Amino acid sequence: MIIAAHTLGCKLNFAETSDTLRRLAAEGNTIVSWGEKADLYLINTCTVTAVAEKKCRNAIRQAHRKNPDAQIVVMGCFAQSAAEEVAKLPGVTQVLGNEGKRLLSFSSDDRTRTFFKIQDGCDYFCTYCAIPYARGRSRSATIEETLCMARHIAERGAKEVVLTGINTGTFGLQNNERFIDLLKELDAIEGILRYRISSIEPNLLTDDIIDFVALSRAFLPHFHIPLQAGSDHVLKMMHRRYDTALYRQKIEYIKEKMPDACIAADVMAGFNGESEDEFEKVLAFIESIPISYLHVFTYSDRPGTAALQMPEKVPVNIRHEHTARLLELSNRKHQAFINSQIGKIRPVLWESSNHNGLMEGWTDNYIRITRPYDSSRVNTIEEVEIECSNIKTDISSD
Ligand code: SF4
């Protein structure tokens, strides 16, 4: 069969689609790009916002237009949470949800970097989030099984591994194992020169983990720590498991141990309870901590979540206004972070793509750098001085 796939949403979905396509190719099927005509279209979906769901519906319609006789198989979180609606969309032949997805999978967006799924599901039930319903409870393979897959990834030649999960810091709980013990074992695997932890909840980012990253061989000074709200009132309404004081302590401790670390934070704009007064607190809090940039999301009601029934709704136009102000703050923070790095020498892992005669790579602390293309440098690490002229400030591929 000729198969084309399209993935929406998080890095976990990308790792899972890659895994599925590798298996289908090994069975003798031909994999083509999404734009081509296929016998079977595989769409891995997301339900994190209303916009994400709209994109899923559009992808299904697009596949049906390209080949009305093709089979369309829809998997992932939107398929799981709205199976009946998805089954009625034109051309859909099978709705798989999240069943059959494996506990460990990995993707390669470039042969230098691999996204490695080490954990799935979540037990936290934040009031705005549909993911625990779509992906189920937290689970992971054992440390030994995870290391076995990591060695396989090393053999394929990737130099950088991004550890991904839905709630990565809960790795090992069901097996009575600890996330930090996994990190220590991974650090010892030969061939992998760099690790990033894609995202970790602030209450699970222990000082031990920060100390370990600061002294490790291969874990990089780059953190992604969801904040969601910079107001204790809103954090309570979200049922998040920390307050702004704990968040500040984590960020300041990281910067004390790794002054050049890049720290990204997810922030949600317009959640219930985010009055103008509370929003001013959010802005002031984010201004006051050494965050490098934000991922900003606009709150939208998700079916089945506790937040749907909550008071203190924020009008939609105000949610968008808050989003715009947070984006503006993020741009300023990011520019200040980059300015602080100019003149410093940082290691860059060069990627394989040729962008009009230039090659690109990330520093250890997540600044995008370019240089004239040189194929002999692909998948190697070079110490580079950061200058205004070699920075590419795009963080869209994060
Ligand atoms: S920690 Fe909260 S926001 Fe993150 S997946 Fe779990 S329930 Fe959703």
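Computed from a prediction, not measured in an experiment: that's the story for all the values here. Numbering of ligands and ligand atoms starts at 1, following listing order.
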Electrostatic pair R241:E201 at N-O distance under 4.0 angstrom: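 Salt bridge flag = no for E201 with R241.
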From the candidates T170, I166, T127, L204, the one that places a heavy atom nearest atom 5 (S) of ligand 1: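 When every heavy atom of T170, I166, T127, L204 is considered, I166 comes closest to atom 5 (S) of ligand 1.
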Apart from V32 itself, residues in the same hydrophobic cluster as defined by side-chain heavy atoms under 4.5 Å: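 Once heavy-atom contacts under 4.5 Å are chained together, V32 belongs with I2.
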Verify the ring-centre separation between F219 and Y195: is it less than 6.0 angstrom?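 Yes - the distance between ring centres of Y195 and F219 falls below the 6.0 Å cut-off.
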Just checking, is any N or O donor in the side chain of S353 or E360 under 3.5 Å from an acceptor N or O on the other one?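 Checked: S353/E360 side chains show no N/O donor-acceptor pair below 3.5 Å.
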Do E36 and S33 pair up side chain to side chain, a donor and an acceptor below 3.5 Å, judged on atom types alone?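 Their side chains do contain a donor-acceptor pair, which is all the 3.5 Å distance test asks for.
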Taking all heavy atoms of T363 and all of N365, pick out the closest pair and write down the distance.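 Smallest interatomic distance, heavy atoms only, reads OG1-OD1, 2.7 Å.
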Got a donor-acceptor contact below 3.5 angstrom from the K333 side chain to the E287 backbone?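 Judged by distance alone, yes, a pair lies under 3.5 Å.
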Near atom 2 (Fe) of ligand 1, which protein N/O/S atoms fall under 2.8 Å?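 N, O, S partners closer than 2.8 Å: C126 SG.
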Which protein non-hydrogen atom lies closest to atom 3 (S) of ligand 1, naming both residue and atom, and how far is it?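 Nearest protein contact, heavy atoms only, for atom 3 (S) of ligand 1 is Y128 OH, 3.3 Å.
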